[in-house]
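In what follows, a single structure is set out as structure tokens and then discussed.
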Amino acid sequence: MKVKIESTRLVKPFYQDTTPLTASDYVPLSVFDKATYNQHIAVIYAYNPPTQSNATIELGLRKALAAYRAWAGRFGEDGDGNLVVLLNDEGVRFVEASVDYPLDRTVLLKPSPFLLTLHPNVKDVSELVQVQLTRFSCGSMVVGFTAHHRVADGHSSSNFLVAWGQATRRLKISPLPFDDRAIFPPRCPPEVKFQHRGAEYIPRNFKKTYPLIDHDTNDIVVHKVHYTAEFISKLKARASHNSKRYTTIETLLAHLWRSITRARGLNWSDTTKLRISVDGRSRLNPKVPNEYFGNLVLWAFVTTKVKDLLHEPLSYAAKLLHEAIVKVNDDYFKSFIDFATHEVRDDGELVTNTESSSNPIMWPDLEVDSWLRFPFYDLDFGGGGPYIFMPSFSPVEGMLFLLPSFLGDGSIEVFVPLFQQSLETFKEICYSLD
């Protein structure tokens, strides 16, 4: 299926009362914005017919941008050279495309490079949001959405997408974004209680050592695993130990970590690490509103020997994950604020640990993005929600995405990029309770 680009243009916010909702010229980036990924993240939606017209969806987008004005801006600097989002309303990229064939659902059910044609290119773009509407001959519509991570995290982006749907349906956007990024002041004097050097920030000259593995990055494939609610329930029962029960994500990640490690064939003397994002909205005291627009994520880091991970029961890995996630609490977030405000500023040789690598391999480690609690499926333009939501094709070995199944029955889908050589073993054991 060849995607034909019909038009591409910039669309700007539509202020119904002719007055921008924000009076300042720019939005300063918080310490959390600066610590996250300096790249666009792309997602894919698929809708059954009938759907709204492109013009109606575009107008809804422009109305939503009036409430989320930063998305229509550009990165720039303030008078002190600090990175900011300029509120200049230059607009977001809006692409209309078509395919002269019916939409083959199997194309969307199995991640492949074809997905990259369903959204604009994410490399070297100045726009902070991009949208592509692709129409198929059967009447189906695919929406490709890309957004720069340093402007907002997945929580905020999903709120914006819901607002876009509301505006398209001529509803009032509710709730409006909480747009104050200055609510994270450092303490005086600073209290850096945790080791953030080597965690969120690393020395500029740090050279990551990649394992000597006989694999080509072209051999990385993305496999989607579907875990039913029944399987997850059995897994949680198996992970429980001495009446201690672990959460769904702690249990499922413990299982996946063990399965992937076994499929990779790592040596028992190797060390493996897992890194998972943790939302700070409910962890900070006082709590930050769910409507907060920006980044408010840090990471939990877990390390263990392969021998212990595979020899000990499932509860061992679940306990490690639980303890690491619990530690990313109010104290940890505030310690990071102090560290990022003072030590990162004063030490010009520290850079964020999320700097993109030219080598798309996590081996022997894992990184996890959980979208389980985000309302991505609530993007409704007027014809109902999508029947598929998924990340775009992202062949970074060991970078996992977790999201709720479109079936809405409590099942979970996991996108697992692995080397082809590891995939067959993983398929054999990923549903095993042993």
Side-chain angles (χ1 to χ4, degrees), residues 29-37 41 149-150 152-158 181 183-187 190-202 239 244-257 271-290 292-304 309 315-344 350-355 362 365-374 398-403:
L29 296 191
S30 74
V31 293
F32 300 105
D33 299 323
K34 296 174 183 177
T36 196
Y37 303 91
I41 305 297
H149 208 318
R150 283 202 168 167
D153 57 21
H155 191 133
S156 294
S157 295
S158 63
R181 303 193 190 208
I183 61 172
F184 310 113
R187 292 169 291 193
E191 299 178 45
V192 180
K193 299 179 180 179
F194 300 91
Q195 182 58 262
H196 301 286
R197 194 181 298 261
E200 294 88 6
Y201 279 87
I202 56 177
K244 172 63 179 178
R245 294 185 64 84
Y246 297 99
T247 65
T248 294
I249 193 165
E250 290 164 355
T251 305
L252 189 54
L253 286 184
H255 172 70
L256 285 164
W257 194 10
T271 296
T272 176
K273 303 174 185 178
L274 186 146
R275 163 182 170 143
I276 179 172
S277 55
V278 179
D279 193 327
R281 287 168 176 80
S282 63
R283 293 173 182 265
L284 279 162
N285 184 22
K287 292 184 178 181
V288 177
N290 282 329
Y292 173 76
F293 182 69
N295 286 280
L296 191 42
V297 168
L298 291 178
W299 296 269
F301 299 86
V302 196
T303 302
T304 188
L309 182 65
S315 58
Y316 169 81
K319 183 174 185 287
L320 288 178
L321 285 158
H322 172 78
E323 292 175 346
I325 293 171
V326 167
K327 286 179 181 178
V328 188
N329 54 17
D330 178 67
D331 279 347
Y332 190 91
F333 272 89
K334 288 176 178 174
S335 173
F336 172 78
I337 292 171
D338 292 346
F339 173 82
T341 302
H342 295 286
E343 296 193 27
V344 172
L350 287 176
V351 296
T352 173
N353 198 11
T354 56
E355 293 282 342
M362 295 291 173
D365 305 329
L366 293 177
E367 183 158 342
V368 181
D369 275 333
S370 172
W371 297 350
L372 294 178
R373 296 185 178 182
F374 300 158
M399 171 73 83
L400 311 186
F401 289 91
L402 278 67
L403 55 155

Do side-chain atoms of Lys193 reach the backbone of Lys334 as a donor and acceptor pair under 3.5 angstrom? no
From CG (Leu284) to CG (Leu296), nearest 0.5 Å: 5.5 Å
Can you confirm whether Lys34 is buried at NZ, in the sense that more than 12 heavy atoms of other residues, nucleotides or ligands lie under 6.0 Å from that atom? yes
Which value, rounded to the nearest 0.5 Å, describes the distance between Leu309 atom CG and Thr303 atom OG1? 11.5 Å
Could you tell me which non-hydrogen atom of Pro190 sits nearest to which non-hydrogen atom of His342, and how far apart they are? CB-CD2, 3.6 Å
Nearest-0.5 Å distance, CG of residue Leu400 to CZ of residue Arg275: 13.5 Å
Set out, in order, the CA-CA distance, both residues' side-chain angles and the distance that settles side chain to side chain contact (heavy atoms under 4.5 Å, CB included) for Phe32 and Arg181, then state yes or no. CA-CA 10 Å; Phe32 300 105; Arg181 303 193 190 208; over 6 Å; no
Please name the residue in the list Phe293, Phe374, Trp371, Tyr292 that meets the ring pair (Phe, Tyr, Trp, His ring centres under 6.0 Å) test with His155. Phe374
Do Phe184 and Val288 touch side chain to side chain, with heavy atoms closer than 4.5 Å? yes
Ring geometry between Phe336 and His196 (parallel below 30°, tilted from 30 to 60°, perpendicular above 60°): perpendicular
Go through it in stages, so that I can follow the logic: the residues are Thr272 and Trp257, the test is side chain to side chain contact (heavy atoms under 4.5 Å, CB included), and I'd like the CA-CA distance, side-chain angles, deciding distance and then a yes or no. CA-CA 9 Å; Thr272 176; Trp257 194 10; 3.1 Å; yes
Side-chain contact, heavy-atom cut-off 4.5 Å: Val344 with Val31? no
Do Lys244 and Lys319 come within less than 4.5 Å of each other through their side chains, counting heavy atoms only? no
Run Arg187 and Ser335 through side chain to side chain contact (heavy atoms under 4.5 Å, CB included) and show every step you take. CA-CA 9 Å; Arg187 292 169 291 193; Ser335 173; 4.3 Å; yes
For the atom pair CG (Leu350) and CG (Asn353), what is the distance rounded to the nearest 0.5 Å? 11.0 Å
Measuring only between side-chain heavy atoms, which start at C-beta, is Asp369 closer than 4.5 Å to Ile41? no
Taking C-beta and beyond as the side chain, do Leu253 and Leu402 meet within less than 4.5 Å on heavy atoms? yes
Does Ser156 form a side chain to side chain donor-acceptor pair (under 3.5 Å) with Asp153? I'd like the steps, not just the answer. CA-CA 5 Å; Ser156 294; Asp153 57 21; 3.2 Å; yes
The reported gap from OG1 in Thr36 to CZ in Arg150 (rounded to nearest 0.5 angstrom) is 8.0 Å
Give a yes or no on whether Arg373 atom CZ has more than 12 heavy-atom contacts from other residues, nucleotides or ligands under 6.0 Å away. no
Strictly distance-based, threshold 3.5 Å: is any side-chain N or O of Thr341 a donor or acceptor partner for the main-chain N or O of Ile337? yes
Taking Asp330 for the side chain and Asn285 for the main chain, is one N or O donor matched with an acceptor at less than 3.5 Å? yes
Compare every heavy atom of Leu321 with every heavy atom of Ala254, then report the nearest pair and how far apart it is. N-CD1, 3.5 Å
Kindly indicate whether the side chain of Glu200, heavy atoms from C-beta on, has any atom under 4.5 Å from the side chain of Trp299. yes
Any Arg283 side-chain heavy atom under 4.5 Å of Arg281 side chain: no
Per the side chain to side chain contact (heavy atoms under 4.5 Å, CB included) rule, which among Ile325, Val326, Leu320 passes with His322? Val326
Basic-acidic side-chain contact under 4.0 Å: Lys327, Glu323: no
Tell me if the NZ atom of Lys287 is crowded by more than 12 foreign heavy atoms within 6.0 Å. no
Tell me the closest heavy-atom pair linking Asp279 and Phe333, and the distance in Å. C-CZ, 4.2 Å
Specify the closest pair of heavy atoms between Gly294 and Asp33, including all atoms of both residues, with the distance to one decimal. C-OD1, 3.9 Å
Heavy-atom closest pair (Val297 atom, Ser277 atom, distance to 0.1 Å) is CG1-CB, 3.6 Å
With a 3.5 Å distance limit and no angle check, can you tell me whether Asp338 reaches the backbone of Glu191 through a side-chain donor-acceptor pair? yes
OG (Ser282) and CG (Asn329) are apart, to the nearest 0.5 Å, by 11.5 Å
Heavy atoms only: give me the nearest Tyr332-Ala199 pair and the separation to one decimal. OH-CB, 4.3 Å
